[in-house]
Amino acid sequence: MSMTTATGGAGALAALLDNRDRFAKLAEKDFSAAAGLLVRKLMISAGQTTEDMVFLRESVGTEIFETELKRLSSHHARLLARRLDKDVDDFEVSTAGAAAAHIRKVMSGETTTPEAKVAPAEDTPPPADDTPPTGSDDGPKNAYFGRKSFRAGN
């Protein structure tokens, strides 16, 4: 082992990596599994940007990154997709596979910007306002509409 003692998890990992020949029982698959756990932790943690995910994929390799992306639950995959693309439609990320595909698109830069998705025509006139006024006295007088109104019969 190295001359200094490892303090914390990062130091312990560094000590194991520095002395791989001494700890021959740790195979490459063990290090891949440990890297996969850390990659998954980064994928589900908040605050990750598209650039962070691209750098993570380049750092650990496509194989480990894709394996962990496929292992994400549908909830975590949807959260990551929405974190990377805030304007994504719910239908596009309805399943884990669809969310993973959208994440790949966002990371490769294939998605369009929200302004390009909804480009209004400039020659169309604004719609006519035929709605009745909202300030009528048909609504309840009390702004609170909860259990009290059901008990009182209002």
Side-chain angles (χ1 to χ4, degrees), residues 1-129 131 134 139 143-150:
M1 212 140 166
S2 64
M3 298 302 284
T4 61
T5 60
T7 58
L13 285 175
L16 289 174
L17 289 172
D18 290 342
N19 299 298
R20 286 180 76 171
D21 55 338
R22 185 171 188 142
F23 301 111
K25 296 284 185 190
L26 293 174
E28 187 62 34
K29 66 178 182 174
D30 298 321
F31 287 107
S32 295
L37 287 171
L38 294 173
V39 167
R40 191 173 329 128
K41 175 66 177 169
L42 287 171
M43 284 181 176
I44 63 175
S45 64
Q48 302 297 327
T49 63
T50 305
E51 293 81 23
D52 294 335
M53 288 292 116
V54 170
F55 182 76
L56 180 64
R57 182 179 58 192
E58 291 171 356
S59 299
V60 299
T62 307
E63 182 179 341
I64 293 174
F65 186 85
E66 286 296 323
T67 301
E68 295 306 318
L69 184 60
K70 290 176 187 175
R71 286 184 180 173
L72 286 178
S73 68
S74 59
H75 174 72
H76 286 122
R78 280 193 305 264
L79 286 177
L80 180 59
R82 287 188 183 119
R83 194 176 310 129
L84 298 180
D85 183 9
K86 303 222 184 298
D87 298 320
V88 66
D89 187 28
D90 287 339
F91 182 72
E92 289 186 54
V93 293
S94 59
T95 64
H102 188 74
I103 291 166
R104 287 184 198 100
K105 277 190 213 177
V106 169
M107 289 176 61
S108 66
E110 294 177 15
T111 58
T112 58
T113 60
E115 294 85 25
K117 287 182 185 177
V118 184
E122 295 178 17
D123 296 336
T124 60
D129 191 20
T131 58
T134 58
Y144 176 71
F145 188 75
R147 293 180 65 196
K148 174 183 144 189
S149 64
F150 289 111

Minimum-distance pair of heavy atoms, taken over all atoms of Leu80 and Met43: CD1-O, 3.6 Å
Atom CZ of Phe55 with >12 non-hydrogen neighbours under 6.0 angstrom: no
Gap between atom CZ of Arg40 and atom CZ of Arg71 - 0.5 Å precision: 6.0 Å
Inter- and intrachain pairs under salt bridge (charged side-chain N to carboxylate O under 4.0 Å, His left out), touching residues 94-105, at least two apart: Glu66-Arg104
Verdict with reasoning, Leu38 to Leu13, per side-chain contact (heavy atoms from CB on, under 4.5 Å): CA-CA 12 Å; Leu38 294 173; Leu13 285 175; 4.1 Å; yes
Residues in salt bridge (Lys or Arg N to Asp or Glu O under 4.0 Å) contact with Arg83, at least two apart in sequence or another chain: none
Backbone N/O of Ala27 and side chain of Asp30: donor-acceptor pair under 3.5 Å: yes
Charged N-O contact under 4.0 Å between Glu28 and Arg20: yes
Atom pair CG (Leu79) and OG (Ser74), whose distance is rounded to the nearest 0.5 Å: 9.5 Å
Shortest non-hydrogen separation from Phe23 to Leu16 and the atoms involved: CD1-CD2, 4.0 Å
Point-to-point distance, once rounded to the nearest 0.5 Å, from CZ of Phe65 to CD1 of Ile103: 7.5 Å
Spacing of CG belonging to Leu69 relative to OG1 belonging to Thr62, to within rounding of 0.5 Å: 11.5 Å
Closest non-hydrogen atom pair, Ser45 against Leu42: OG-O, 3.0 Å
Minimum heavy-atom distance between Ala81 and Ala99, given as atom pair plus value: CB-O, 4.1 Å
Heavy-atom closest contact (Glu92 atom, Ala98 atom, distance): O-CB, 3.3 Å
Pairwise distance OG1(Thr50) to CE(Met53) - rounded to 0.5 angstrom: 9.0 Å
Trace of the side-chain contact (heavy atoms from CB on, under 4.5 Å) decision for Val54 with Glu51: CA-CA 5 Å; Val54 170; Glu51 293 81 23; 5.7 Å; no
Listed partners of Arg82 passing side chain to side chain contact (heavy atoms under 4.5 Å, CB included), at least two apart: Arg78, Val88, Asp90, Val93
